[in-house]
Amino acid sequence: MSQKPFYITTTLPYVNSDPHIGFAMEIIRADVIARAKKLDGYEVFFNTGTDEHGVKIYQKAFNSNEDTQVFVDRYVVKFKELKSVLGLSDDIHFIRTTDKQHVAAAEEFWRRCDKNGFIYKKLYKTKYCSGCELEKTDTELNEEGRCFIHPTLDLLLIDEENYFFKFSAFQQKLLDLYRSNPTLVVPDFRFNEIKAFVERGLEDFSISRLKTKMPWGVPVPSDADHVMYVWFDALTSYISTLGWPDDTKTFDTFWKNGTPVQYCGKDNLRQQSAMWQAMLMSVDLPPTHTIVIDGFVTGDGGVKMSKSLGNTVDPLDIVKEYGVDALRYYVCRELSPFEDSPFTMDKFKEAYNAHLANGIGNLTSRIMKMATTNLTSAPEIPSKSIPTEFMDALGVFNTQAAANIVWEHISAADRIIQEKEPFKLIKTDTDAAIEIIKDLCVRLYTIGRMLNPIMPQTSELLKKLVKENKMPEQPLFLRK
RNA sequence: CGCGGGGUAGGGUAACGGUAACCCGUCAGGCUCAUAACCUGAAAAUUGCCGGUUCGAUUCCGGCCCCCGCAACCA
């Protein structure tokens, strides 16, 4: 029996700063889904990587007087380290948009798109602030359309020839796709948002930059004066990582005949569920199966995290102090799967003590203490015991609902110990007490099984302890 | 009338047409297997405001008031 294929990818983070908690959240969630699918018998292709082109990186490297490639290489190391820091799947794929294979794929994508008539050249007016000596985008201008730093200066409009993508040609096709694919975007309210956006009408967007101004990008085929705009290049990574266009076997298995899933933050809704889908159509490739949009991690009170406010949290620090599984737990259960969620160290500590130290950690100690003192060997473990609701919740990307099921099982076991008092019963009715303890061991094993996608290390440890009928060498999660 | 999300016990969140659930905190019991952990119970919410639909609304509809994102060539 050949395994069913499953492909899931994160957004490729832009490597102009260190990995932040928002991306850690996204990739942990994707990893949980990837592990759950593996547990369910799928052959999983799990992808992440780094987005390394574009003006911001070019400028930052330039400002620090560093070769751009050296600059990105330095950052990529930090992102690759996430694999061990966050306990990600061993076989995760990592694509860099500077990889030769990706660059070739992006160029081929462009060629096909162009051949199909969806790329054209037109004059594009850029806004230039002579004070900053920089081009400005609308988001970098104030309400009157003036530079924040130099509001008294008039912006200069400079004509520049750019290549454009005929996004507007895909309005109806996108709406048809949305209609025929009712689970394309999860959750529903994000799907509604993108539908409304497309219904309002689409504007073609620029997909190239003049090389003289910004050389750090994939060259535009057949025009040495331009490089691709970073988005056009980065989005194609979702298929270049699968070997497109050369490795048709891998691509066909996981994308064409599979159910490709893209995980991203809400700031990526438009790019992934509209622009990228249109781009795929333009080269006659099938659409993404599901795009999962999660919210932002915010500071206390729902305010944006920012270094100036001092309310940022570093995933590395958390892992150092509390361990990988504690962070994974928090992401899965304490943060909303689709809405914005506040993240503070106080909340984290509170949840850690309540649910990891007092919850699963303490439960493990009390069950295994009774087991090791009263059982001669591990009880028989049923071959399957994961409740279907658990897998169903993960199937709709609701890690919170899934984790809640696990913690209901933990509470139930604590209650059973209190109500049946096997530690007391053992003195009067040994056989009955042994049966209760065996049942508790099986319950703990089942909890271990369910924790596999969410907290892989804890999962393995729980299963090992029950199977070998051993006390943990030290408490699983020490109170902080 | 640009688009979307939210306003639920002291704090943080869940549920979403039919006794409003959970965590932290507070109070009172219990237990001793366990990481001063665990269990039971109590106090505490007219579910932002005003109308409507309904036998019944936190949940559906309309209006209003606040908060937060986004508003495309920023990634």
Side-chain angles (χ1 to χ4, degrees), chain A residues 11-17 51-57 124-126 135-140 162 164-165 167 187 189-197 199-200 202-209 229-232 234 265-271 274-275 295-296 298 300-304 333-336 338-342 344 346-347 349-351 353-374 400-401 404 407-408 410-411 413-426 433 436-437 440 471-472 474-480:
Chain A
T11 319
L12 304 200
Y14 201 62
V15 292
N16 62 348
S17 60
D51 181 5
E52 304 179 21
H53 289 125
V55 65
K56 292 227 164 153
I57 284 171
Y124 167 65
K125 287 197 192 305
T126 63
E135 282 176 12
K136 296 283 173 177
T137 62
D138 286 345
T139 45
E140 290 171 321
N162 273 190
F164 275 71
F165 175 65
F167 194 35
F189 64 85
R190 292 291 171 214
F191 203 3
N192 291 338
E193 197 174 333
I194 197 64
K195 283 177 191 164
F197 168 74
E199 273 163 10
R200 264 175 270 140
L202 303 175
E203 281 177 31
D204 296 348
F205 57 88
S206 160
I207 55 171
S208 76
R209 290 290 180 273
Y229 175 54
V230 62
W231 261 110
F232 196 85
K266 66 178 185 180
D267 53 342
N268 254 279
L269 173 68
R270 213 167 270 181
Q271 285 80 2
M275 290 154 80
F296 285 163
T298 69
D300 202 13
V303 295
K304 222 173 196 170
R333 182 149 186 252
E334 305 289 334
L335 300 179
S336 166
F338 308 116
E339 304 273 4
D340 290 359
S341 309
T344 66
D346 284 348
K347 283 178 203 297
K349 188 179 166 184
E350 182 186 304
N353 281 328
H355 306 292
L356 297 180
N358 300 350
I360 182 66
N362 183 53
L363 178 71
T364 304
S365 295
R366 56 197 310 213
I367 291 179
M368 290 321 296
K369 175 69 177 182
M370 288 187 279
T372 49
T373 47
N374 298 303
Q400 195 176 41
N404 282 341
W407 263 262
E408 278 164 22
I410 292 169
S411 290
D414 268 328
R415 220 175 304 122
I416 287 168
I417 298 173
Q418 185 59 42
E419 284 166 6
K420 299 194 175 175
E421 302 187 311
F423 49 85
K424 207 184 265 181
L425 194 63
I426 196 87
I436 294 165
I437 295 169
L440 288 167
M471 273 298 283
Q474 54 189 10
L476 264 57
F477 298 96
L478 281 168
R479 283 184 65 82
K480 298 268 183 185

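Lettering follows sequence order; numbering is per chain, from 1. Quick note: numbers below take in every heavy atom, side chains included, and nothing from hydrogens, waters or symmetry partners.
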Between [N] and [M], how far is it from one [atom1] atom to the other, in whole Å?
N     : M     : atom1 : value
B/G7  : B/G12 : C1'   : 14 Å
B/G10 : B/C31 : C1'   : 30 Å
B/A9  : B/C50 : C1'   : 24 Å
B/A37 : B/C3  : C1'   : 49 Å
B/G6  : B/C61 : P     : 12 Å
B/C39 : B/C22 : P     : 12 Å
B/C16 : B/A57 : C1'   : 10 Å
B/U59 : B/U53 : C1'   : 14 Å

Using a heavy-atom cut-off of under 4.0 Å over every strand shown, decide if [X] touches base, sugar-phosphate, or nothing.
X        : answer
A/Glu419 : nothing
A/Asp51  : sugar-phosphate
A/Leu476 : base
A/Arg479 : base
A/Asn362 : base
A/Glu203 : base
A/Gly361 : base
A/Trp407 : nothing

Is_stacked (A/Phe423, B/C33) at 5.5 Å, 30 deg: yes
Side chains of A/His53 and A/Phe232 in contact at under 4.5 Å (non-hydrogen atoms): no
To the side chain of [X], which of [options] is closest?
X        : options             : answer
A/Arg270 : B/A72, B/C33, B/C39 : B/A72
A/Glu350 : B/C39, B/G11, B/U35 : B/G11
A/Met370 : B/A75, B/G69, B/C33 : B/C33
A/Ala357 : B/C73, B/U35, B/C33 : B/U35
A/Ser336 : B/A14, B/G5, B/A72  : B/A14
A/Phe205 : B/A34, B/C73, B/A75 : B/C73

[N] phosphate, OP1 or OP2: any side-chain N/O from [X] under 4.0 angstrom?
X        : N     : result
A/Arg190 : B/C70 : no
A/Lys424 : B/U32 : yes
A/Asn404 : B/C22 : no

Nearest whole Å is fine: how far is [N] [atom2] from [X] [atom1]?
X        : N     : atom1 : atom2 : answer
A/Asn192 : B/G2  : CG    : P     : 19 Å
A/Phe477 : B/A36 : CZ    : C1'   : 20 Å
A/Asn358 : B/C22 : CG    : P     : 17 Å
A/Gln400 : B/G12 : CD    : C1'   : 12 Å
A/Ile194 : B/A71 : CD1   : P     : 12 Å
A/Glu421 : B/U40 : CD    : P     : 13 Å
A/Asp340 : B/U13 : CG    : P     : 11 Å

Along RNA chain B (nearest heavy atom to each residue), the more 5'-positioned of A/Ala196 and A/Tyr14: A/Ala196
RNA chain B: 5'-proximal contact among A/Ala351 and A/Leu356 (nearest heavy atom): A/Ala351
With A/Ile57, the side-chain contact (heavy atoms from CB on, under 4.5 Å) member among A/Asp51, A/Val230, A/Val15: A/Val15
Identified side-chain contact (heavy atoms from CB on, under 4.5 Å) partner of A/Ile410 from the options A/Asn358, A/Thr364, A/Asn362, A/Ile360: A/Ile360
Contact summary for A/Asn162 and A/Ser206, nearest pair of heavy atoms: OD1-OG, 2.9 Å
Duplex segments of RNA chain B, taken as runs of at least three Watson-Crick or G-U pairs that stay under 3.5 Å: B:2-7 with B:65-70, B:10-13 with B:21-24, B:26-30 with B:38-42, B:48-52 with B:60-64
Mutual orientation of the aromatic rings belonging to A/Phe205 and A/Phe165 [parallel < 30°, tilted 30-60°, perpendicular > 60°]: tilted
